[in-house]
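Each residue takes its place number in the sequence, starting with 1.
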Amino acid sequence: MLSPDIEARLETAQRLPSLPSVVGELLTLANDHDAPLTDFVELVAKDPALCLQLLKLANCPYYRRGGKPLSCHADAVARLGIDGTLTALLGFTLIRDAVRGPLKDYWRQTLATTHLTRAIATVLRPEHVTELTTQALLQDIGVLVLHGVDPGYFALIAEADEKGQRQSIERAAMGCTREQASRWLVERWQLPHAVLARLEEDVDSEMTTHWLDVCCLRLANDLSRHCLAGDSAAIDASLHRFRLTTGLADETQLVLTRQLDDAMGTLPGFLAALLSPEEDIERLLLAGKQQLHGLTLHLVEQLHHRETQLTALKRDNEALDVKATTDALTGLANRAALEQRLGTMLHEAYSTSRPLSLLFIDLDHFKQLNDQYGHRIGDIVLVNVAATLRDAVRANDLAARYGGEEFVIALAGTPASGALEVARRIEQWLARQPMASVEQRPLQVTASIGVAQWLPEMPRTDAAALIAAADKQMYGAKASGRARIQHDSEASDQGVEEQI
C-alpha cells in the first residue's frame with residue numbers, strides 16, 4: 001500500500017505521453033473511414049499510453065455492460081469498435097523531446113521488447129500473442145508515471161547497475177518503485193491486474209501458473225536489452241538458458257531461432273520509424289483536437305438517431321400493445337384484454353372488499369339485421385353501440401367487445417343495483433337513438449342484458465366464472481322475450497349506487 005502523500009503525487013501524472021509518430025499514424029487512420037479494426041490493433045501495440053487508455057475505456061461500465069474484464073488490447077478494440085477506439089485514442093498527450101534523451105531509451109526498450117515478444121509468442125504461445133504483446137507493452141508503464149511526477153527521474157536512476165539498487169533509489173527519492181507505480185495506475189483505473197506481466201514469479205517449475213508466459217516475457221526483455229547493446233554473445237546465452245528452462249524440442253527451438261532472427265533483423269527499421277525526429281507537436285495537437293471535435297459531433301448525431309429510433313420503436317410497441325388488446329372494429333377492449341383486466345379488477349375488489357358487477361349485452365336479432373341490410377350496416381351498428389357503451393362507463397370501469405354482437409361491461413365498486421341502473425340507461429339510449437340509417441330511415445336495435453355480481457361476503461371467483469354468470473342471465477333475458485334486463489335474485493335487494 002502506498003501512503004496518501006505518494007498517491008497524491010502520482011495522481012498528478014495520470015496523463016501519460018504518447019509517441020508523436022504513433023499519434024501521426026492515428027490521425028491518418030482517423031481520416032480513413034474504411035480503415036479496418038486490425039489497423040487499430042497494430043497501432044495500439046506501439047504505444048503504452050494509448051494501450052492503457054483504450055483498456056480503461058473498454059472496461060468502463062458503459063462499454064463493459066456485464067461482460068468480462070479485458071486485459072488485451074485486441075479484445076478492447078473489438079469491444080469498442082471504430083468510434084469507441086477513436087474516442088479513447090484521441091485523448092492522447094504529447095510532450096516535447098519525447099524521442100530524445102532518457103525517455104527515448106524507455107521507448108526503445110519497451111518497443112523492442114514488445115516486438116520480440118510477438119515473435120516468441122507466435123511460435124510458443126500462438127493463442128496468446130495479443131495478450132502477451134499487451135503485457136510486454138505495459139510492464140514498465142510506471143516509468144511514464146514517475147517521469148511525469150519528476151522529469152529528473154531518469155537522471156536519478158542513471159547510476160543504478162541492477163534492479164535492486166534501482167528500486168532502492170526510487171523508494172528513497174520517489175516514495176515508490178516503477179513496479180508499484182504501474183500497479184497503482186492499473187488499480188486507480190480499475191483495470192484487470194492481468195494487463196501487467198508477473199515477471200517476479202518463480203519460473204523454475206512448470207507447476208507455476210502461466211510459467212511459460214513469464215519465461216517468454218523474460219526472454220523478450222533479455223533479448224531486447226542485448227540487441228540494443230549489440231551483444232550477440234549474450235543473445236546466444238539467453239536463448240540457451242531459455243531452452244534449458246523450458247525444455248524445448250530441437251524442432252521448436254529451430255523454428256523459434258528463425259523467427260527471432262527475422263524479428264531482430266527488422267527491429268532497427270521498426271524502431272527508426274517510431275523514434276524518428278519529432279513531428280510538429282502543435283500541428284498534431286490541432287489535428288487531434290479537430291478529429292476529436294468531428295468525432296464528438298458524429299457521436300452526438302448517432303445518439304440523436306438512436307434516440308429517434310428508440311422513440312419510434314416505443315411508439316410502435318405501444319401501437320402493437322393497443323392493437324393486441326383492442327377490438328379493431330369498435331375500438332373497445334377485446335376479449336383477451338377483458339379477461340386479463342377483469343382478473344385484475346377482481347383482485348382489487350378482494351383487496352378493498354368492494355363489490356364488482358358485470359353486464360353481458362347481446363344485440364337482439366343481429367343475424368337477421370346482417371342478412372337483411374348487409375354486413376356494412378351491421379358494422380355501423382356495432383360501432384355506434386360501442387360508442388354508447390363507452391359513454392356509459394367511468395374511467396375505472398371497462399367496456400369490451402366479447403365477440404360478434406356481444407359486449408361486456410365491468411363496473412368497479414358497484415353492486416348489482418348500481419349495475420341495473422347502468423343497464424337501464426343503456427336500454428333507454430338504445431330506445432331513443434338509432435344506431436344506423438337505411439335509405440334515410442333510422443334503424444334502432446334492442447339488447448338483452450344479463451347482470452352478475454361479486455360481493456365481499458361471497459366466495460372468491462374468477463373472470464371466466466363471473467362472465468359465465470352474466471352470460472347465463474343474458475340468455476335468461478332472451479328466453480323471456482328479449483329487449484330486457486335479467487339479474488340474479490340477490491341483485492334486487494341491494495341499494496342503488498351512483499354511476500356517473
Side-chain angles (χ1 to χ4, degrees), residues 16-22 25 42 45-51 95 97-124 129 132-147 153-167 169-170 177-179 182 196-197 199 214-243 245 256-278:
L16 308 179
S18 292
L19 274 168
S21 59
V22 176
E25 287 186 53
E42 291 297 319
K46 298 175 182 177
D47 191 284
L50 295 183
C51 181
I95 61 173
D97 298 324
V99 294
R100 297 187 180 91
L103 192 55
K104 180 177 181 179
D105 293 335
Y106 161 78
W107 297 124
R108 293 175 73 240
Q109 178 67 41
T110 298
L111 295 172
T113 300
T114 303
H115 186 70
L116 296 178
T117 296
R118 184 184 289 110
I120 296 168
T122 299
V123 177
L124 301 181
V129 172
L132 289 175
T133 299
T134 301
Q135 290 182 356
L137 190 66
L138 298 180
Q139 62 179 319
D140 278 334
I141 195 74
V143 169
L144 294 181
V145 177
L146 295 183
H147 177 266
Y153 166 74
F154 288 107
L156 188 70
I157 62 168
E159 302 301 322
D161 294 328
E162 47 91 26
K163 180 178 178 180
Q165 185 181 8
R166 184 259 301 166
Q167 290 180 331
I169 295 172
E170 288 172 339
T177 66
R178 67 174 61 168
E179 291 81 8
S182 296
L196 296 179
L199 299 182
V214 175
C215 287
C216 291
L217 288 167
R218 281 188 171 180
L219 176 62
N221 276 316
D222 290 343
L223 292 181
S224 63
R225 188 170 61 255
H226 301 325
C227 283
L228 295 176
D231 191 342
S232 57
I235 291 174
D236 292 338
S238 293
L239 286 171
H240 179 69
R241 285 195 303 272
F242 180 77
R243 181 179 184 183
T245 301
L256 177 61
T257 301
R258 289 174 177 169
Q259 186 78 13
L260 283 171
D261 282 344
D262 289 342
M264 286 186 279
T266 58
L267 182 59
F270 175 74
L271 294 178
L274 293 174
L275 301 175
S276 57
E278 293 182 4

Could you tell me whether the side chain of Leu19 reaches within less than 4.5 Å of the side chain of Leu50, counting heavy atoms only? no
Is there a side-chain contact between Phe242 and Leu223 (heavy atoms, below 4.5 Å)? no
Step by step, would you call Glu179 with Lys163 a side-chain contact (heavy atoms from CB on, under 4.5 Å)? CA-CA 11 Å; Glu179 291 81 8; Lys163 180 178 178 180; 3.7 Å; yes
Do Ile235 and Leu260 have side chains that get closer than 4.5 Å, going by heavy atoms? no
Looking only at side chains, do Glu25 and Ser21 share a donor and an acceptor under 3.5 Å apart? no
Short side-chain to backbone donor-acceptor contact, Thr110 and Trp107, under 3.5 Å: no
Which heavy-atom pair separates Tyr106 from Val143 by the least distance, and what is that distance? CD1-CG1, 3.7 Å
Heavy-atom side-chain proximity of Leu271 to Leu228 below 4.5 angstrom: yes
Do the side chains of Gln135 and Leu132 get nearer than 4.5 Å, heavy atoms only? yes
In short, Ala49 meets Pro17 closest at the heavy-atom pair CB-O, 3.3 Å
Can you tell me how far the SG atom of Cys227 sits from the CG atom of Leu116, to the nearest 0.5 Å? 5.5 Å
How long is the span from the OH atom in Tyr153 to the CG atom in Leu144, to the nearest 0.5 Å? 10.0 Å
Minimum heavy-atom distance Lys104-Val99, with the two atoms named: CD-O, 2.8 Å
Does any N or O in the side chain of Asp47 come within less than 3.5 Å of the main-chain N or O of Ser18, such that one atom is a donor and the other an acceptor? no
I need the minimum non-hydrogen distance between Ser238 and Leu219, along with the two atoms involved. O-CD1, 3.9 Å
What's the separation between atom CD1 in Ile157 and atom CD in Gln165, rounded to the nearest 0.5 Å? 10.5 Å
I want to check something: taking the side chain as every heavy atom from C-beta on, are Gln109 and Asp140 in contact at a cut-off of under 4.5 Å? no
State whether Glu170 and Arg166 are salt-bridged, where the test is any N-O pair (Lys NZ or Arg NE/NH1/NH2 against Asp/Glu carboxylate O) under 4.0 Å. yes
How far apart are the closest heavy atoms of Cys216 and Leu124, and which atoms are they? SG-CD1, 4.1 Å
Has Glu162 got more than 12 heavy atoms of other residues, nucleotides or ligands less than 6.0 Å from its CD? yes
Taking the side chain as everything from C-beta on, heavy atoms only, tell me whether Val129 gets closer than 4.5 Å to Arg118. yes
Calculate, to the nearest 0.5 Å, the distance between atoms CG and CG belonging to Leu274 and Leu111 respectively. 5.5 Å
Could you check whether any side-chain heavy atom of Leu138 comes within less than 4.5 Å of a side-chain heavy atom of Ser182, counting everything from C-beta outward? no
Heavy-atom closest pair (Leu137 atom, Ala45 atom, distance to 0.1 Å) is CD1-O, 3.6 Å
Can you tell me if Thr266 and His115 form a side-chain donor-acceptor pair at under 3.5 Å? yes
Under 3.5 Å, is there a donor on one side chain and an acceptor on the other for Gln139 and Asn221? yes
Pair Asp261 + Arg258, salt bridge at N-O below 4.0 Å: no
From Leu156 atom CG to His147 atom NE2, the distance as rounded to the nearest 0.5 Å: 12.0 Å
Let me confirm one number: the OG-NE2 distance from Ser224 to His226, rounded to the nearest 0.5 Å. 8.5 Å
